[in-house]
Every structure is written in structure tokens, then in C-alpha cells.
**Q** 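Structure provided below as C-alpha cells; questions to follow.
Not measured: the values here are computed from a predicted model.
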Amino acid sequence: MGFFGKIKTALSKTKEGIGKKLTDIFAKNKLGDEFYEELEDLLISSDVSVQTSMEIVEELKENAIKDKVKDKELVVRELKRELKETLSFADKREIKFPAAIMVVGVNGVGKTTTIGKLAAKFINEGKSVTIAAADTFRAAAADQLSVWADRAKVRIIKSQEGADAAAVVYDAAVSAKAKKTDVLIIDTAGRLHVKSGLMEELKKMDRVLQREYPEADVFKMIVLDATTGQNAYNQVTEFDKAVNLDGIILTKIDGTAKGGFIVSLSYETEIPVYYVGTGEKLEDIEDFSAEDFVEGMF
């Protein structure tokens, strides 16, 4: 099953909510002010932010009036186009090799699982991969990551529980350079974005990585649980302040009917989505496509 098939399945709850409500709106309203107000409400109820919903609907309304659009299918097509443009607003930097990806986020969003899937994806694309177990805070975190490293058949650099996380990053960077590894993926401890001490530790890890591995194309990516919805804004804002985020990895989109939050989140923060988890299996991670994501929403 390709990305569109997987994303379509994963977004079934979101599609069910939006599709039915959109049909209801068309059934009772002509394309007037009331229709566009209800369309705006529909986007907001799907967790697209108020500001972004207003901008999308205003643009849609202006284009529909200009082009004298009255047909439902044409309106839906125009709405999809607006959503795709909004979701593609943030520039996505091409990953060049050697690359180092530091994976951050709060507890419970699926960082460890995501790293395992990401490692397997790069291996399948013919790249060599090393994983760094820099979550030295959580009990058995390195052991859990080792299981995923074994499944993905990649090297892992780790230390004892309670070790300095930045020291693990240092060792991993030195090892990746020596082995000429294509991709270094760094796990970090889940941390609340309001804990300043832990955010300072993250900054230190970033500084060590940049200093010790200057030839690497460094990315800092935040893993977001799609069921978090609008609460993800605070997470992204605070982690971005700490380490200047380059991208988003989205997980658990099959668990929510409000997948629309990512449209406004990426647009308003100007941080692009790079990957999306589409299930529980090792191979269930894909490059993000705005085109397929929006098609999966309707």
C-alpha cells in the first residue's frame, strides 16, 4: 500500500467528520455568507485554527465570486487547493548526507517508535544509519531503543542510565564520522516544554552536535501526537525557541477526527512536516505529502 492508501486509511476519522458535515452544509445552504460562515466553523471544528480558517475561507470566497463558482464539486476542489497551498507554505529543506537528525518532543508522543521506523526507512533507501540513545533519563530507554535498532538492523551508541546526554551525542558524532555513516538519528528524553532545565540540556546537546559534526546536515525534528490537536502549538513554540526546529514528524493520526490542526500549525509556525506515521508496523512511516494529506481529509 502506497502513501496515499495508508494516509487515506489513517485519516478515515477526520474524513468521516469533515465529509459528512460538508455535505450537510451544501444541502441546506447556497453559496452565500451563511454557507461560508458554516464552512469556517467546520474547519475550526476539525482543529484548523480560527485565524487560518478565516484566511482560507476568505480566499475561497473571493475566488468563487471572481470565477462565478456555484457547483459543489468546484467549491470542494477550490477548498482542497487552498488547504494544500496552506499546508505547503513552510519551506521544506532537502536532507543532504551525511545527515544528523535530533528527535525531540514531550513524553508519550512515540519518539522511540518513530526513530525505529525512520531508521528502517533510511536503510530501505540504501543509507547507513546509526542511532544514539541520548535519553539517559528514563529507565530502560536505551534498552527499548536497542530493540528497535535490532529490528531496523542498525548500530546504536548508548551509555549507562543517568549519564550526561550531551556526552552520548559527542560519542555518537565521533563514531558516525569515523564510520562515514549516512544518517545519525539521536533520541532525546521526553521533556515538558515548560521545564527550563531540561530545555537547557537540549540546547547543550544541539551545541555539541553542531560543534563535533560540522559536516553533517543537522535537523531538529519534533514528534507530535496528532490527538494533541491545538495543544501542539505550545510544544512547537517552546522547542523551537530552544533548538530552532527544522521539521515536524506526525504520529497517531489514525486516533483523531481532528487532523486539520496540522494545516494551521505548519502554516503559522512556518515549520514543515517531513514524515507521518501511518500505523504500528516498522514500515509505517512515510514522507509527508500535502497533496495526499488533504485528499485523505475529504
**Q** Could you tell me whether Lys241 and Glu238 have a side-chain N and a carboxylate O separated by less than 4.0 Å?
**A**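 The answer is yes: the pair qualifies as a salt bridge.
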**Q** Taking atom OH of Tyr170 as the centre, report whether more than 12 heavy atoms of other residues, nucleotides or ligands fall under 6.0 Å from it.
**A**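 Incorrect, the count does not exceed 12.
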**Q** Side-chain contact, heavy-atom cut-off 4.5 Å: Leu22 with Val76?
**A**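 Yes, side chains in contact.
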**Q** So does Arg138 pair up with Asp135, basic N to acidic O under 4.0 Å?
**A**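 Yes, Arg138 and Asp135 are salt-bridged.
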**Q** Do Lys84 and Glu295 have side chains that get closer than 4.5 Å, going by heavy atoms?
**A**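 The answer is yes; the side chains approach within 4.5 Å.
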**Q** Using a strict 4.0 Å threshold on nitrogen-to-oxygen distance, state whether Asp287 and Lys121 make a salt bridge.
**A**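 Salt bridge: yes.
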**Q** Linking I/L/V/M/F/W/Y whenever their side-chain heavy atoms sit closer than 4.5 Å, directly or via other members, would Tyr274 and Ile123 fall into one cluster?
**A**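 Linked, Tyr274 and Ile123 end up in one cluster.
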**Q** Could you go through Phe35 and Ile25, starting from their C-alpha distance and side-chain angles, then the distance that decides it, and tell me whether this counts as side-chain contact (heavy atoms from CB on, under 4.5 Å)?
**A** CA-CA 7 Å; Phe35 169 82; Ile25 293 173; 3.3 Å; yes
**Q** For Glu125, is the CD atom crowded, meaning more than 12 foreign heavy atoms sit under 6.0 Å from it?
**A**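 Counting neighbours around CD of Glu125, more than 12 heavy atoms of other residues, nucleotides or ligands fall under 6.0 Å, so yes.
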**Q** Among the clusters formed by ILVMFWY side chains lying less than 4.5 Å apart, do Ile185 and Val174 turn up in the same one?
**A**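 Ile185 clusters together with Val174.
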**Q** Below 4.5 Å, heavy atoms only, C-beta onward: do Leu39 and Leu60 meet side chain to side chain?
**A**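 SC-SC contact between Leu39 and Leu60 confirmed.
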**Q** Drop me the distance from Phe137's CZ to Asn107's CG, to the nearest 0.5 angstrom.
**A**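 Here the rounded value is 8.5 Å.
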**Q** Taking the side chain as everything from C-beta on, heavy atoms only, tell me whether Ile115 gets closer than 4.5 Å to Thr112.
**A**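 They are not in contact (no side-chain heavy atoms under 4.5 Å apart), so the answer is no.
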**Q** Please report the interatomic distance CD(Glu200) to CE(Met205), rounded to the nearest 0.5 Å.
**A**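 Nearest 0.5 Å value for the CD-CE distance: 13.0 Å.
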**Q** Supply the atom-to-atom distance Lys203 NZ to Leu198 CG, rounded to the nearest 0.5 angstrom.
**A**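 Answer for the NZ-CG pair, Lys203 versus Leu198, is 12.5 Å.
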**Q** Determine whether Leu74 and Leu83 fall in the same hydrophobic cluster, where Ile, Leu, Val, Met, Phe, Trp and Tyr are linked whenever their side-chain heavy atoms lie under 4.5 Å apart.
**A**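 They do share one cluster, since a chain of ILVMFWY contacts under 4.5 Å joins Leu74 to Leu83.
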**Q** Kindly give the heavy-atom pair with the smallest separation between Met221 and Leu245, and that separation in Å.
**A**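 The answer is C-CD2, 4.4 Å.
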**Q** Under the side-chain contact (heavy atoms from CB on, under 4.5 Å) rule, what do Ile101 and Ile186 come out as? Steps first, then yes or no, please.
**A** CA-CA 6 Å; Ile101 301 173; Ile186 301 167; over 6 Å; no
**Q** Check for me, please, whether Phe219 and Val208 land in the same ILVMFWY cluster - side-chain distances under 4.5 Å, paths through other members count.
**A**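 Yes.
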**Q** Should Lys158 and Asp171 count as an ion pair when the cut-off is N to O under 4.0 Å?
**A**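 Looking at Lys158 and Asp171, the cut-off is not met.
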**Q** Would you indicate whether the side-chain heavy atoms of Glu215 and Tyr213 approach each other to under 4.5 Å?
**A**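 They are in side-chain contact.
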**Q** Going by side chain to side chain contact (heavy atoms under 4.5 Å, CB included), Phe239 matches just one of Val104, Asn234, Leu224. Which one?
**A**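 Testing each of Val104, Asn234, Leu224 against Phe239, the sole residue satisfying side chain to side chain contact (heavy atoms under 4.5 Å, CB included) is Val104.
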**Q** Testing Val50, Val57, Ile56 for side chain to side chain contact (heavy atoms under 4.5 Å, CB included) with Met54, which one passes?
**A**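 Running side chain to side chain contact (heavy atoms under 4.5 Å, CB included) over Val50, Val57, Ile56 with Met54 returns exactly one hit, Val50.
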**Q** Roughly how far apart are Leu145 CG and Asp187 CG, rounded to 0.5 Å?
**A**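 It comes to 5.0 Å.
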**Q** Can you tell whether the side chains of Arg93 and Asp246 come within less than 4.0 Å, N to carboxylate O?
**A**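 Judged by the 4.0 Å cut-off on N to carboxylate O distance, Arg93 and Asp246 do form a salt bridge.
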**Q** Given side-chain contact (heavy atoms from CB on, under 4.5 Å), test Thr136 with Val168 step by step and report yes or no.
**A** CA-CA 9 Å; Thr136 58; Val168 177; 3.9 Å; yes
**Q** Would you name the heavy atoms of Ser175 and Ile157 that are closest together and state the gap between them?
**A**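 Heavy atoms of Ser175 and Ile157 come nearest at OG-CD1, 3.7 Å.
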**Q** Taking the side chain as every heavy atom from C-beta outward, state whether Trp148 and Thr113 have any atom pair closer than 4.5 Å.
**A**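 Yes. Closest side-chain heavy atoms under 4.5 Å.
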**Q** Which heavy atom of Thr188 sits nearest a heavy atom of Val103, and at what distance?
**A**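 Minimum heavy-atom contact is OG1-O, 2.6 Å.
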**Q** Between Asp284 and Lys281 (side chain of the first, backbone of the second, donor and acceptor by atom type, cut-off under 3.5 Å), is there such a pair?
**A**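 Checked: pair present.
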**Q** Heavy atoms only: give me the nearest Ser53-Leu43 pair and the separation to one decimal.
**A**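 So the two residues come closest at OG-CB, 3.4 Å.
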**Q** With a 4.0 Å cut-off on N to O distance, would you call Lys117 and Glu283 a salt bridge?
**A**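 Glu283 and Lys117: not salt-bridged.
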**Q** Kindly indicate whether the side chain of Val218, heavy atoms from C-beta on, has any atom under 4.5 Å from the side chain of Gln210.
**A**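 Val218 reaches Gln210 side chain to side chain.
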**Q** Judged by atom type as modelled, is there a donor-acceptor pair below 3.5 Å linking the side chain of Thr228 to the main-chain atoms of Asn231?
**A**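 No; judged by distance alone, with no hydrogens or angles, the pair does not exist.
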**Q** Are Ile95 and Ile248 connected in the hydrophobic side-chain network, where two residues link if heavy atoms are under 4.5 Å apart?
**A**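 As far as the 4.5 Å side-chain criterion goes, Ile248 and Ile95 are connected within one cluster.
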**Q** Given side-chain hydrogen bond (donor to acceptor under 3.5 Å, both in side chains), test Arg155 with Ser128 step by step and report yes or no.
**A** CA-CA 9 Å; Arg155 289 195 316 132; Ser128 56; over 6 Å; no
**Q** With the threshold set at 4.0 Å, does a side-chain nitrogen-carboxylate oxygen contact exist between Glu85 and Arg81?
**A**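 A salt bridge is present here (some side-chain N lies under 4.0 Å from a carboxylate O).
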**Q** Quick check: closest heavy atoms across Leu202 and Met102, and the distance to 0.1 Å?
**A**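 For Leu202 versus Met102, the nearest heavy atoms are O-CE, 4.1 Å.
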**Q** Go through the steps to decide whether Ile249 and Leu118 satisfy the test side-chain contact (heavy atoms from CB on, under 4.5 Å), and finish with yes or no.
**A** CA-CA 10 Å; Ile249 304 174; Leu118 204 53; 4.3 Å; yes
**Q** Any Lys/Arg nitrogen of Glu201 or Lys204 sitting under 4.0 Å from an Asp/Glu carboxylate oxygen of the other?
**A**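 Looking at Glu201 and Lys204, the cut-off is not met.
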**Q** Within the side chain of Asp240, is there an N or O that forms a donor-acceptor pair under 3.5 Å with the backbone of Val236?
**A**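 No; judged by distance alone, with no hydrogens or angles, the pair does not exist.
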**Q** Please list all pairs meeting salt bridge (charged side-chain N to carboxylate O under 4.0 Å, His left out) that have one or both residues in residues 103-112, counting only residues at least two apart or in different chains.
**A**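 Qualifying pairs: none.
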**Q** If every non-hydrogen atom of Ile156 is compared with every non-hydrogen atom of Ala133, which pair is closest and at what distance?
**A**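 Heavy atoms of Ile156 and Ala133 come nearest at CD1-CB, 4.2 Å.
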**Q** Would you tabulate the side-chain donor-acceptor contacts of residues 260-269 under 3.5 Å, counting partners in other chains and residues two or more places apart, or write 'none'?
**A**
unit_1 : atom_1 : unit_2 : atom_2 : d
Ser264 : OG     : Ser49  : N      : 3.0
Ser264 : OG     : Tyr233 : OH     : 2.9
Ser264 : OG     : Phe261 : O      : 3.3
Ser266 : OG     : Ile271 : O      : 2.9
Tyr267 : OH     : Glu55  : OE1    : 2.6
Glu268 : OE2    : Ser49  : OG     : 2.4
Glu268 : OE2    : Thr52  : OG1    : 2.4
Thr269 : OG1    : Leu265 : O      : 2.6
Thr269 : OG1    : Ile271 : N      : 3.4

**Q** Is the cationic atom of Lys127 (NZ for Lys, CZ for Arg) positioned less than 6.0 Å from the six-membered ring centroid of Phe97 and within 45 degrees of its normal?
**A**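 Judged by the rule, Lys127 and Phe97 form a cation-pi pair.
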**Q** Supply the atom-to-atom distance Asn63 CG to Glu78 CD, rounded to the nearest 0.5 angstrom.
**A**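 So the gap between those two atoms works out to 4.5 Å.
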**Q** Can you find a heavy atom in the side chain of Ile285 that is under 4.5 Å from one in the side chain of Val276?
**A**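 Not in contact.
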**Q** For the atom pair CG (Asp206) and CG (Asn244), what is the distance rounded to the nearest 0.5 Å?
**A**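 The distance works out to 7.5 Å.
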